[in-house]
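This report concerns only the one structure given below.
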Amino acid sequence: MERIVVLGGGVGGTLAANLLARRLRRQIGAGEVELTLIDEGGEHVYQPGFMYIAMGGERAERLHRPERSLLNDRIKLVIARAKRIDHAARQVEVEGGQSIGYDWLIIATGARALPDEIPHFTEEAHHFYGADAAARLRAALDAFDGGRIVIGIAGMPYKCPPAPLEVTFLIESELRQRRLRDRSEIHFCSPIGRAFTIESVSEMATPIMEEKGIELHTFFNVEAIDPERRVVQSLEGEELPYDLLILVPPHRGAQVVIDSGLAPPSGWLPTDLHTLEVRGTERVFAIGDATDLPLSKAGSTAHFEAPVAVERIVAAIEGRPPSAKGSYTGKVMCFFEVGDGKGTLLQFDYDHPPRPPRPGRIWHLGKVVFNRVYWHTVPQGRV
Ligand SMILES: Cc1cc2nc3c(=O)[nH]c(=O)nc-3n(C[C@H](O)[C@H](O)[C@H](O)COP(=O)(O)OP(=O)(O)OC[C@H]3O[C@@H](n4cnc5c(N)ncnc54)[C@H](O)[C@@H]3O)c2cc1C
């Protein structure tokens with residue numbers, strides 16, 4: 001009997017488990033394979049919706065569904081927090097004392113947003129990396145009556161790299177609609193020497209920022225907040241005063257992979273670029289935000305990685321070499337909002353940088369439709 005465990009029931013883990021359940025249908029039916037997914041909350045969360053809570057028009061209750069309702073019946077679901085992965089003994093220890101053995105493990109434990117790592121973040125700054133935080137940002141925007149808005153990044157890497165720029169563009173549009181733009185300044189702080197990590201995306205976004213009068217501050221890595229003077233300070237020594245402060249919190253990988261000695265203190269699992277195996281282990285794969293791959297931490301990354309790990313496991317169980325589907329090319333695809341009902345599309349891989357099309361209504365509508373059809377497509381592997 002081959003035991004496969006998928007750890008994490010987010011985008012990557014749910015898709016990987018469903019694909020395995022379909023491709024190993026016969027072996028599971030014959031009792032030759034057992035497939036288990038472990039998830040701490042038992043609820044699947046659609047995180048891109050958080051941004052739309054902050055921007056108005058989305059409700060938290062529409063962004064989660066029971067994990068069981070998204071899983072193939074052949075998958076056993078264990079709802080518990082994994083405390084430790086004992087790779088020598090090939091078992092996952094979960095809270096409550098149970099240990100779940102594996103022959104194959106896919107780690108899809110995502111990334112954590114940790115605002116508390118920056119003193120005064122919670123009292124002074126807003127963010128949209130959780131439903132409650134996004135609702136508080138919405139309330140702050142509703143109460144905003146003009147002033148200085150500063151949007152910055154308090155640590156790299158973070159989930160959905162375009163999100164802070166998208167939020168900047170969407171807030172700018174909103175302020176114009178509310179006739180508050182003349183009374184407001186918008187400052188966007190980028191940790192590197194341009195507006196966005198990928199050069200072609202920066203080239204697309206920078207003229208839009210200039211046209212909209214958004215001030216760009218480069219090499220501004222948020223280090224500290226001074227609540228008395230209401231200024232945010234950068235590692236590079238710059239200070240910016242704010243009336244409304246919006247920061248991407250620092251992110252780390254899951255505690256369980258750090259505690260298990262599989263990842264360094266950052267929590268990002270050392271992952272092979274193409275096979276997605278966790279380096280230094282055997283039969284252990286990492287997908288989604290949990291990896292240290294030089295790519296966007298995005299649902300679409302997890303979506304394109306899951307079939308790679310699945311193909312490699314299925315091939316091994318079937319006793320054949322993996323097909324080309326078992327090698328990840330670095331494919332990522334994300335919609336990117338630029339405000340005023342327009343968007344663009346970022347599509348790239350390890351060898352081909354994105355060439356974003358001219359922003360238009362179609363790409364904004366693409367994102368709106370995708371947000372609705374997500375539940376019936378991505379987790380089940382229907383796109
Ligand atoms: C505001 C915002 C906007 C975004 N917009 C986009 C977008 O437009 N496009 C896009 O592609 N992506 C977007 N993303 C990113 C996307 O949501 C993530 O990249 C994606 O969810 C990653 O999938 P994952 O499977 O790696 O992790 P997740 O979906 O985060 O799932 C991780 C799972 O692991 C479980 N888990 C963690 N630790 C344990 C443990 N110890 N024991 C048991 N279970 C555990 C968690 O409960 C969770 O269910 C956005 C994210 C945010 C926050």
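Indexing begins at 1, ligand by ligand and atom by atom, following the structure's order.
Applying the 4.0 Å criterion to heavy atoms of Gly288 picks out, from ligand 1, the atoms 26 (O). Set against the non-hydrogen atoms of Gly8, the atoms of ligand 1 under 4.0 Å away are 33 (C), 34 (O), 35 (C). Below 4.0 Å from some heavy atom of Val256 lie the following atoms of ligand 1, by number and element: 41 (N). Near Ala108, meaning under 4.0 Å from one of its heavy atoms, ligand 1 places the atoms 32 (C), 33 (C), 34 (O). Atom numbering of ligand 1 starts at 1 in the shown order; those under 4.0 Å from a heavy atom of Tyr129 are 53 (C).
Residues His187 and Tyr242 place their aromatic rings such that the two centres sit no closer than 6.0 Å. Between Phe50 and Phe128, the gap from one ring centroid to the other reaches at least 6.0 Å.
Ligand 1 has an N or O atom lying under 3.5 Å from an N or O atom of Gly12, backbone or side chain. Geometrically, ligand 1 and Val11 share a nitrogen or oxygen pair separated by less than 3.5 Å. Residue Gly299 has at least one N or O atom closer than 3.5 Å to an N or O atom of ligand 1. On a distance-only criterion, Glu43 and ligand 1 share no N/O pair closer than 3.5 Å. Geometrically, ligand 1 and Glu40 share a nitrogen or oxygen pair separated by less than 3.5 Å. Taking only nitrogen or oxygen atoms, main chain and side chain alike, Ala82 reaches within less than 3.5 Å of ligand 1.
A salt bridge is defined here as a Lys NZ or Arg NE, NH1 or NH2 lying under 4.0 Å from an Asp or Glu carboxylate O, and Arg230 with Glu124 meets this definition. Using a cutoff of 4.0 Å between basic side-chain nitrogens and carboxylate oxygens, Arg178 and Asp145 are not scored as salt-bridged. For Glu311 and Arg320, the salt-bridge test passes: some basic side-chain N is under 4.0 Å from an acidic carboxylate O. Between Asp289 and Arg112, no side-chain nitrogen of the basic residue sits less than 4.0 Å from a carboxylate oxygen of the acidic one, so the salt-bridge criterion is not met. Ion pairing between a basic and an acidic side chain is recognised when a charged N comes within 4.0 Å of a carboxylate O; Glu185 and Arg148 show such pairing. With respect to the salt-bridge test (charged N to carboxylate O, under 4.0 angstrom), the residues Arg3 and Glu32 do not qualify. By the 4.0 Å N-to-carboxylate-O rule, Asp259 lies too far from Arg84 to be salt-bridged with it.
The nearest non-hydrogen atom to atom 48 (C) of ligand 1, considering only Val6, Asp289, Val167, Asp39, comes from Asp39. For atom 17 (O) of ligand 1, the choice among Met333, Gln47, His251 with the nearest heavy atom turns out to be Gln47.
Note on ligand 1: Pro162 sits outside its first shell, no heavy atom being nearer than 4.0 Å.
Just one residue in the list Leu105, Leu24, Asp103 forms a side-chain contact (heavy atoms from CB on, under 4.5 Å) with Ile4, and that residue is Leu24.
Taking the six-membered ring where tryptophan is involved, the planes of Trp363 and Phe335 are tilted, since the angle between them lies from 30° to 60°. Ring geometry for His44 against Trp375 counts as perpendicular: the plane angle is over 60°, on a 0 to 90° scale with 30° as the lower cut.
In Ser296, neither the side chain nor the backbone holds a heavy atom less than 4.0 Å from any atom of ligand 1. If you look at Tyr46 next to ligand 1, there are no close heavy atoms at all, none under 4.0 Å. When non-hydrogen atoms are compared, ligand 1 lies under 4.0 Å from the side chain of Lys367 (C-beta onward) but not from its backbone. At a heavy-atom distance under 4.0 Å, atoms from both the backbone and the side chain of Ala298 approach ligand 1.
Cys160 SG, 3.7 Å is the protein heavy atom nearest to atom 7 (C) of ligand 1. Among protein heavy atoms, the minimum distance from atom 27 (O) of ligand 1 is reached at Gly110 CA, 3.4 Å. Nearest protein neighbour of atom 1 (C) of ligand 1, counting heavy atoms only, is Phe128 O, 3.4 Å. Distance from atom 37 (C) of ligand 1 to its nearest protein heavy atom, with residue and atom name: Thr109 O, 3.3 Å.
A heavy-atom distance below 4.5 Å is not found between the side chains of Ile79 and Asp39.
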